[in-house]
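Values in this document were obtained by computation on a predicted structure and should not be read as measured data. Order of the sequence lines sets the chain letters (A, B, ...), proteins ahead of strands, with each chain counted from 1.
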Protein chains: 2
Amino acid sequence: MRRKTGGMDFHLNPEFLQGTELFRDVPAAALHEIQAASSQRRVAAGQVVFRQGDSAAALYVVATGRLRATQTTADGQQVIIRYLGPGEVAGYTTLSGGGVHPGAVIAVEDALLISWTSAAIKRLMAEHSSIAMNAVAFLGARYHEMQVRIRELSTEKVERRIAHTVLRLVEQAGRRTARGIEIAIPLSRQDLAEMSGTTLHTVSRTLSAWEEQKIVSCGRRRVVVAKADVLTSIAEV
Amino acid sequence: MRRKTGGMDFHLNPEFLQGTELFRDVPAAALHEIQAASSQRRVAAGQVVFRQGDSAAALYVVATGRLRATQTTADGQQVIIRYLGPGEVAGYTTLSGGGVHPGAVIAVEDALLISWTSAAIKRLMAEHSSIAMNAVAFLGARYHEMQVRIRELSTEKVERRIAHTVLRLVEQAGRRTARGIEIAIPLSRQDLAEMSGTTLHTVSRTLSAWEEQKIVSCGRRRVVVAKADVLTSIAEV
DNA sequence: CGGACTTTTGAAGTAATTCAAGGGGAGTGG
DNA sequence: CCACTCCCCTTGAATTACTTCAAAAGTCCG
């Protein structure tokens with residue numbers, strides 16, 4: 001399911017690349033070279049992009065669809081590190097050493113990925129410093145995100161953590177609807193639990209309580225935030 | 001307490017730079033330039049290097065001594081993100097945007113820091129791609145560290161988390177002594193709590209239990225690990 | 001319409017926090 | 001050198017927030 005860019009499937013236009021976190025503000029002259037070195041890969045919802053422990057052979061940029069990055073313990077417990085949407089990078093390890101992926105990435109929707117080999121992306125970074133600068137910027141941002149989550153996990157009680165998680169998802173994948181802001185990712189209670197550091201039971205109870213107060217309305221794998229301000233006050237108090 | 005490199009205080013030799021995470025494998029020709037752009041700053045134990053929210057004006061590399069990076073909540077609760085030792089970077093935000101420091105850094109021992117202005121380090125990165133590559137590598141590594149900690153905080157019970165924390169500190173600042181491996185950082189119960197996501201009380205009780213079993217021996221702000229293997233088995237089970 | 005997955009909710013159990021009080025070491029100043 | 005004070009550490013007891021266990025009800029899909 002991997003093919004060299006040859007037109008046909010998805011036209012990788014320069015505007016798209018310039019909108020990604022890795023290639024923004026790259027000189028126009030470089031875009032062609034970047035494009036020439038790229039491949040494309042389609043993944044269906046539920047399909048694995050790479051597994052934890054796989055050697056980091058390729059770097060991906062999401063063109064369409066959405067991915068999920070996870071970390072799994074030896075005994076099978078999983079946490080969700082992050083969702084990745086259009087323009088975002090999956091497989092950052094490929095940028096640096098010849099290591100292995102420290103976590104897994106799977107598609108939660110059908111997705112189209114643009115990929116580069118480790119050697120190609122390293123060469124591009126070395127030749128075009130703005131790519132390397134972008135990599136530094138987005139890795140710094142993700143490092144910061146994780147710091148914030150660690151602080152939350154360390155100091156906040158579950159309800160606040162769940163509120164923060166939901167608000168982050170609203171930020172990342174919110175879509176206005178008549179009933180409020182819908183999170184445009186299919187999201188089970190278990191998923192929310194793995195993002196908030198709790199159990200699906202506690203998430204279910206918390207959402208039920210919020211639904212009672214009309215703060216959210218939810219269904220099977222679906223959450224719609226009706227009163228984001230109330231949720232914010234739960235998160236911030 | 002800031003001065004231009006003029007010899008005298010600390011001779012910033014190329015070997016030192018080549019041993020740091022940011023400047024390793026940089027071509028010898030660049031080292032002089034890097035050095036010329038640097039300043040030095042001494043900080044006494046307990047002194048603040050920069051505060052959370054300060055604008056990111058300088059990047060630091062630790063020459064000697066040890067720093068602590070923290071994140072603080074609006075209501076004053078603190079977590080320790082990391083300790084920084086010789087060769088490590090403090091103030092990574094300076095590498096990317098013109099933002100503010102997302103956390104504070106203070107010295108836990110008297111320390112000597114080498115610093116660069118934001119403009120200088122960005123110019124150096126743009127000119128010498130290997131510096132940018134190193135930045136990508138160490139930020140990737142720190143991002144990974146944080147992911148692991150999130151997984152620990154989300155899935156493990158306190159005793160295991162404290163064990164992991166202590167083992168990490170042994171790795172980072174362990175020093176062989178007659179009684180076992182001593183953690184060469186003054187470390188209160190509160191500090192360990194802020195690294196493990198628990199309270200000083202629980203840390204105290206846990207260490208007391210371990211001391212009972214001769215796994216560790218500890219004093220005021222001091223921890224010596226006698227049986228690292230037992231601690232590992234507590235962490236891994 | 002069956003079957004798999006997801007969600008809900010009650011009840012019991014418990015790990016860890018919170019509350020509370022006291023002890024001990026290190027440094028300071030008389 | 002001793003007393004005083006400031007931290008830091010310890011330990012018990014009470015409380016609680018959350019998990020675990022258990023069962024049932026929904027919901028989607030073929």
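- With DNA chain C read from its 5' end, the first of the two nearest nucleotides for B/G197 and A/S204 is the one closest to A/S204.
- B/S188 has no side-chain polar atom (N or O) that falls below the 4.0 Å cut-off from OP1 or OP2 of D/dC8.
- Atom CZ of A/R222 and atom C1' of D/dG26 are 15 Å apart (whole Å).
- The base of D/dG12 sits within donor-acceptor range of the side chain of B/R205, with an N or O pair under 3.5 Å.
- Distance from the side chain of A/R221 is smallest for C/dT6 among the nucleotides C/dT17, C/dT6, D/dT20.
- Residue B/L192 contributes atom CG, which lies 11 Å from atom P of D/dT10 at whole-angstrom precision.
- Between the side chain of B/R149 and the backbone N or O of B/M195 there is at least one donor-acceptor pair closer than 3.5 Å.
- If you take CG of B/L187 and P of D/dC7, they are 19 Å apart, rounded to a whole angstrom.
- Side-chain atoms of A/R189 and base atoms of C/dT9 include no donor and acceptor less than 3.5 Å apart.
- If you measure from atom CD of A/E194 to atom C1' of C/dT7, you get 16 Å, rounded to the nearest angstrom.
- The separation between A/K157 atom NZ and D/dT15 atom P is 16 Å, rounded to whole Å.
- Ring orientation note: the planes of B/Y143 and A/Y92 are tilted relative to one another, at an angle of 30° to 60°.
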**OP:** Determine, step by step, whether B/V105 and B/V48 satisfy the side chain to side chain contact (heavy atoms under 4.5 Å, CB included) criterion, reporting the C-alpha distance in whole Å, the side-chain angles of both residues, the deciding distance to 0.1 Å, and the verdict.
**Re:** CA-CA 6 Å; B/V105 169; B/V48 173; over 6 Å; no
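- When distances are taken from the side chain of A/T202 to each of D/dC28, D/dC18, C/dT8, the shortest belongs to D/dC18.
- Looking at heavy-atom distances under 4.0 Å, B/S208 makes contact with sugar-phosphate atoms alone, never a base.
- If you take CG of B/L200 and P of D/dC8, they are 10 Å apart, rounded to a whole angstrom.
- Between the side chain of A/R220 and the base of C/dC5, at least one donor-acceptor pair of N or O atoms lies under 3.5 Å.
- Nucleotide C/dA16 holds its C1' atom 15 Å from the CG atom of B/L207, rounded to whole Å.
- At a cut-off of 3.5 angstrom, the base of C/dT7 holds no donor-acceptor pair with the side chain of A/H201.
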Original post:
So B/E159 and B/I234, side chain to side chain contact (heavy atoms under 4.5 Å, CB included) or not? Walk me through it.
Top reply: CA-CA 8 Å; B/E159 189 183 15; B/I234 290 171; 4.0 Å; yes
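- Distance, A/R160 CZ to D/dA17 P: 14 Å, rounded to whole Å.
- At distances below 3.5 Å, at least one donor-acceptor pair connects side-chain atoms of B/T94 with backbone N or O atoms of B/G91.
- Rounded to a whole angstrom, the distance from the P atom of C/dA20 to that of D/dC7 is 22 Å.
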